[in-house]
Structure formats: C-alpha cells, structure tokens
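Comments concern the structure below.
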Number of protein chains: 2
Amino acid sequence: MNHTLMVNGLPGKMAEAVIEVALERGYHVIPFSLSGLPEGEHLIKDQSFRLISIAERDLKIKEIRNDHPNLIAVDYTHPTAVNENAEFYIRHKIPFVMGTTGGDRNVLLNRVKSENHYCVIAPNMGKQIIALQTILSQMALNFPNLYEGFTLEVRESHQSTKADTSGTAKAIVSSFQEMGIVFHEDQIQMIRTRDEQLAFKVPENYLDGHAFHTYTLKSPDGTVEFEFKHNVCGRRFYAVGTCDAVDFLSKRIFENSVQFNFDMMDILRKGGM
Amino acid sequence: MNHTLMVNGLPGKMAEAVIEVALERGYHVIPFSLSGLPEGEHLIKDQSFRLISIAERDLKIKEIRNDHPNLIAVDYTHPTAVNENAEFYIRHKIPFVMGTTGGDRNVLLNRVKSENHYCVIAPNMGKQIIALQTILSQMALNFPNLYEGFTLEVRESHQSTKADTSGTAKAIVSSFQEMGIVFHEDQIQMIRTRDEQLAFKVPENYLDGHAFHTYTLKSPDGTVEFEFKHNVCGRRFYAVGTCDAVDFLSKRIFENSVQFNFDMMDILRKGGM
C-alpha cells in the first residue's frame with residue numbers, strides 16, 4: 001500500500017528509526033515533523049525535515065492536509081505531549097499510530113473512543129515481545145502452579161542510562177509468580193556496566209541501545225531447566241512494529257472499519273492483515 | 001494423601017524412577033510389579049520387588065487386590081503390552097496412570113471411555129514441556145505470521161542410542177511454521193556425539209539419558225533474537241509428573257468424579273489440585 005506518513009517527534013531517535021524503515025518500505029514520508037523544538041530543519045540521510053513548533057502547527061497542518069488528504073501520523077514525541085497531540089490529531093481528523101508513552105492514558109483512550117477516531121495506541125510496538133508476554137500470562141491463567149518448586153533467575157541488560165528495572169521483565173516475572181514461583185521483583189538482576197554487558201553477549205556497537213532479557217527456571221534438584229530469552233539491539237525492531245501498525249491502520253480505514261481504536265493485540269491477532 | 005501404588009514395568013528404568021519418587025513422597029508402593037519377564041525378584045535400593053509374569057498375573061492380582069483395595073497402577077511397560085494391560089486393569093477394576101507409549105491408542109481410549117474406567121493416559125508426563133507445547137500452539141493460532149521473516153535454528157541433544165529426531169522438537173517446529181517461519185523438519189540439528197553434547201552443556205553424567213532442546217529465532221537483520229530452551233537430565237522429571245498424575249487421579253476417585261479419563265492437560269489445567 002502507498003501510505004503517506006507524517007512522523008512526529010524529530011529529532012528523536014524513535015522517529016528517525018521509523019522514518020528509515022518507512023522509506024525502505026516505499027512509504028511516502030512527508031518532510032514535516034511536529035516537534036517540541038522551535039521551527040528548524042533536521043536531516044535524515046539526505047532528506048531534510050522541517051520541524052513544526054507547537055505555536056505554528058495548527059496553521060501549518062491545514063496546508064499539509066490539503067496536499068495530503070490521506071495522511072497518517074506517527075507519534076513518538078514526549079510523555080507531556082501525549083494528550084495535547086491526540087487532541088490535535090482529532091481536531092484535524094488525522095488518523096494516528098502512537099508509540100509515545102505517558103500522559104493521561106484514560107483521557108487518551110476515552111477521547112479517541114468518543115470521537116470514533118482511527119488510531120493505534122501502543123506503548124510497546126515490539127510485536128513478538130507483546131506476544132510472549134501474552135502467552136506467558138495465558139500460561140499462568142491456564143496452568144496455575146505449573147512451576148511450583150522451581151527457582152527463577154532473571155537477568156536484563158539495557159544501556160547504562162536506564163536507571164530503573166525493565167517493565168517487561170516485571171510483567172513476565174508476575175506471570176511466573178502466578179505459576180507458583182517464589183520470586184521478588186528486586187531479585188531481577190540489572191546489568192548496566194560495559195564488562196557485564198559484553199559477557200552477557202550484548203554486541204559492542206549496541207551497548208548504548210539494547211534490551212536483553214533472560215529468564216531461567218530450574219527444578220529443585222537442578223535436573224530440569226527452562227529458559228526464555230528476548231534480545232533486542234537498537235530501535236529498528238520497534239520501528240518495524242510501528243510500520244506494521246501503520247499498514248494495519250491504513251487497511252482498516254480503507255475498509256471503513258467500524259472499530260476505530262486498536263492496540264498491538266489487535267494487530268497480532270490479525271497477523272497484521 | 002496416602003496412595004497405594006503398584007508400579008508395573010520393572011526392571012524398566014522409568015518404573016524404577018517412579019518408585020523412587022513415590023517412596024520419597026511417602027506413597028505406599030507394594031512390592032509387586034507386572035513384567036514381561038518370567039517370575040523373579042528385582043531390587044531397588046533396599047526394597048525387593050516380585051516380578052509377576054503374564055502367565056500368573058490374573059491369579060496373583062486377586063490376592064493383591066484383597067490386601068490393597070485402593071490400589072492404583074502405574075504402567076511403564078512396553079508398547080506391545082499397552083492394550084492388553086489396559087484390559088487387565090479394567091477387568092480387575094484397578095485405576096491406572098499409563099505413561100507407556102505405543103499400542104493401538106484409539107482402542108485404548110475407546111475402551112476406558114466405554115468402561116468409565118478411572119485413568120490418566122499420557123505418553124509424555126513432562127508437565128512443563130506439555131504446557132510449553134500447548135502455549136506455542138495457542139500462539140500460532142492466535143498470532144499467525146508472528147515470526148514472518150525470522151529464521152529458526154533448532155538443536156536437540158539426546159543419548160546417542162536415540163536414532164530418530166525428537167518428536168517434541170517436531171511438534172514445536174510445526175507451531176513455528178504456523179507462525180510464518182520457513183523451516184523444514186530435516187533442518188533440526190540432532191546432537192548425538194559426546195563432544196558436541198558436552199559443548200551443548202549436557203552434564204557428563206547425563207550423556208546416557210537427557211533431552212535438551214534449543215529453539216533460536218532471529219530477525220532478518222539479526223538485531224532481534226528470541227530463544228526457548230527446555231533441558232531435561234535423566235528420568236526423574238517424568239517420574240515427578242507421573243506421581244503428580246497419581247495424586248490427581250486419586251483425588252478424582254475420592255470425590256467420585258463423573259469424568260473418568262484424563263490426560264496431562266487436565267492435570268495442568270487444574271494445577272494438579
């Protein structure tokens with residue numbers, strides 16, 4: 001499909017990553033981006049993007065919408081901009097895919113629902129990770145006590161600037177707890193130093209941007225071991241998920257879907273079709 | 001609970017492993033075992049078990065049943081004995097847990113069904129492996145194309161006497177195929193030599209009895225990797241699942257369950273309760 005995208009949040013790295021994948025897929029990415037910065041230019045490879053400041057955006061978007069009536073917005077901006085941006089998209093009737101986290105999520109979801117506004121809202125666009133979380137939580141529902149008596153070891157490595165424990169690791173740990181494992185969140189091993197990361201098999205060129213997770217379960221006598229791993233280098237993975245979400249949303253708009261609001265589970269369930 | 005077990009299939013290693021776990025749990029294991037061998041004795045640790053031959057078993061069991069009216073049989077005998085043994089248990093009204101593979105499975109299931117005979121029939125008693133297979137097949141149903149474009153590497157190691165490819169690996173591969181991965185069964189890497197097994201982290205003392213499986217999925221550009229592992233050393237794991245099945249069946253009998261025939265999924269769903 002020939003989508004026309006406006007990727008908002010430049011010069012942010014997620015917005016950049018989405019633009020790269022979108023261009024590779026042959027999507028048309030317009031050279032404008034809503035930004036928290038003042039008006040300006042931002043270069044990605046050879047292409048120049050005009051940053052649109054908050055002050056000028058309502059005026060500027062009218063012109064853009066005239067030229068690109070089938071525009072879809074991708075939003076990787078800032079937690080403080082989440083609700084305001086959603087209002088902006090609603091006001092100008094621009095369907096959107098939002099990967100930005102934070103803001104008032106209840107207000108966000110209620111607004112797009114009451115407006116029947118086409119959008120995908122997903123704080124994590126890593127499709128296969130969402131799927132793994134989902135099946136582990138189903139496993140916990142279907143098979144209580146499955147891992148009773150087993151020990152759990154959780155190691156997660158992220159760039160050294162990430163101060164808190166991985167939210168994904170916490171979510172997955174809670175499923176294992178429901179399966180009968182005695183484990184406290186603070187037992188999650190955070191790996192944040194260069195030497196430990198290299199020993200944990202993080203490639204050197206991704207030390208500054210990765211998300212590696214290993215969950216190891218052992219039977220009481222040590223004769224049985226289960227291990228689940230999900231290792232992501234860089235941001236491309238999430239950019240791919242975001243472009244899949246654009247593709248999915250575009251199809252729903254084209255077929256005049258009577259469901260308007262979607263999350264990654266909707267996309268996963270339909271296999272992105 | 002205070003079960004009384006008759007573990008059939010001595011001198012087989014699975015029968016031995018079940019007896020060890022059952023004794024540890026404080027179950028009462030009677031000193032008799034149906035066997036394909038002629039009458040004889042078999043020692044496990046300090047305890048002597050009387051092997052009961054096919055010729056004498058119908059006579060001998062009457063006496064045993066008189067002494068142990070609440071007897072439950074565990075069957076780890078031989079594929080050729082599966083249907084005959086089921087008839088024997090039905091004839092003498094002995095509930096049973098059968099881990100023996102082979103035989104005519106349709107006849108087996110139809111017979112216990114038509115007789116409302118209490119039993120657990122499960123060719124694989126490894127609970128957490130059954131659960132993993134189940135959720136991966138659910139994942140394939142719920143999330144078609146999830147791993148589209150990913151590559152898959154499957155490595156499985158078993159004792160060198162195992163000539164064929166792991167059936168569990170094949171079942172799990174078929175789920176990944178349904179999730180969009182292009183992979184042929186004959187790409188499964190069978191590890192059967194000592195040096196490769198040691199390199200695959202099989203403990204030396206389990207080279208002659210283990211089941212190690214690793215499934216590695218990689219995104220096209222190599223930046224994303226998922227890995228699932230299940231490694232079992234020895235037979236204890238299956239013996240534990242078997243004793244859990246005994247426990248489960250005993251509870252169903254005690255409560256006069258109107259469901260009579262069970263498999264590992266029933267046990268998993270109830271968390272063994």
Side-chain angles (χ1 to χ4, degrees), chain A residues 126-132 134-150 178-180 201 203 206 209-238 240 244 265 267-273, chain B residues 126-132 134-150 179-180 201 203 206 209-238 240-241 244 265 267-273:
Chain A
K127 288 197 306 178
Q128 291 82 1
I129 291 175
I130 301 283
L132 182 64
T134 306
I135 57 153
L136 287 173
S137 102
Q138 278 176 5
M139 203 169 173
L141 273 177
N142 294 337
F143 310 134
N145 304 326
L146 182 65
Y147 283 111
E148 204 174 8
F150 276 61
E178 287 167 39
M179 286 185 256
K201 305 271 168 67
Y206 285 111
H210 67 274
F212 275 39
H213 299 74
T214 299
Y215 313 85
T216 310
L217 301 111
K218 281 193 184 145
S219 66
D221 67 354
T223 59
V224 183
E225 183 178 307
F226 288 82
E227 195 165 85
F228 301 85
K229 257 190 210 180
H230 52 96
N231 293 345
V232 177
C233 289
R235 293 174 181 83
R236 190 186 166 83
F237 174 60
Y238 308 102
V240 165
D244 289 347
M265 282 302 296
I267 294 166
L268 285 168
R269 271 192 290 262
K270 290 218 174 192
M273 291 299 124
Chain B
K127 287 198 305 179
Q128 292 84 0
I129 291 175
I130 300 284
L132 182 64
T134 305
I135 58 153
L136 288 172
S137 101
Q138 278 175 4
M139 203 170 174
L141 272 176
N142 295 336
F143 310 135
N145 304 325
L146 181 66
Y147 282 110
E148 204 175 7
F150 277 60
M179 286 187 255
K201 306 269 170 67
Y206 285 111
H210 66 275
F212 275 41
H213 298 74
T214 299
Y215 312 84
T216 310
L217 301 112
K218 281 194 183 144
S219 66
D221 67 354
T223 59
V224 183
E225 183 178 307
F226 288 82
E227 195 165 87
F228 300 86
K229 257 188 210 181
H230 52 96
N231 294 345
V232 177
C233 290
R235 294 174 180 82
R236 190 184 166 83
F237 173 59
Y238 308 103
V240 166
D244 289 347
M265 283 302 297
I267 295 166
L268 285 167
R269 270 193 292 263
K270 290 218 176 190
M273 291 300 126

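In what follows, chains carry the letters A, B, and so on, assigned in the order in which the sequence lines appear, proteins first and then strands, with residues in each chain numbered from 1.
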Partner chain A: residue of B/Met179, B/Glu227, B/Met265 with the largest heavy-atom pair count (under 4.5 Å): B/Glu227

Portion of B/Thr134 that has a non-hydrogen atom of chain A nearer than 4.5 angstrom: side chain

Atom of B/Arg269, atom of A/Pro144 and distance for their closest heavy-atom approach: O-CD, 3.8 Å

Contact winner vs chain A - B/Gln138, B/Arg236, B/Glu225, heavy-atom pairs under 4.5 Å: B/Glu225

Close side-chain approach of B/His210 to B/Asn231, heavy-atom, < 4.5 Å: no

Nearest atoms (heavy-atom pairs only) where A/Gln128 meets B/Phe150: NE2-CE1, 3.5 Å

A/His213: partners by ring-ring contact (aromatic ring centres under 6.0 Å, His included), with sequence neighbours left out: A/His158, A/His230

Those residues of residues 216-223 of chain B, ordered by number, that approach chain A below 4.5 Å (heavy atom to heavy atom): B/Asp221, B/Thr223

Those residues that, when tested against B/Tyr206, pass ring-ring contact (aromatic ring centres under 6.0 Å, His included) (two or more places apart): none

Partners passing side-chain contact (heavy atoms from CB on, under 4.5 Å) against B/Ala131 (at least two apart in sequence or in another chain): A/Met139, A/Phe143, A/Leu146, B/Leu268

Region of A/Phe212 in contact with chain B, defined by heavy-atom distances below 4.5 Å: neither

Closest-packed option against chain A by number of heavy-atom pairs under 4.5 Å, given B/Ile135, B/Val240, B/Leu136, B/Val232: B/Ile135

Heavy-atom contact with chain B under 4.5 Å, split by part of A/Leu141: neither

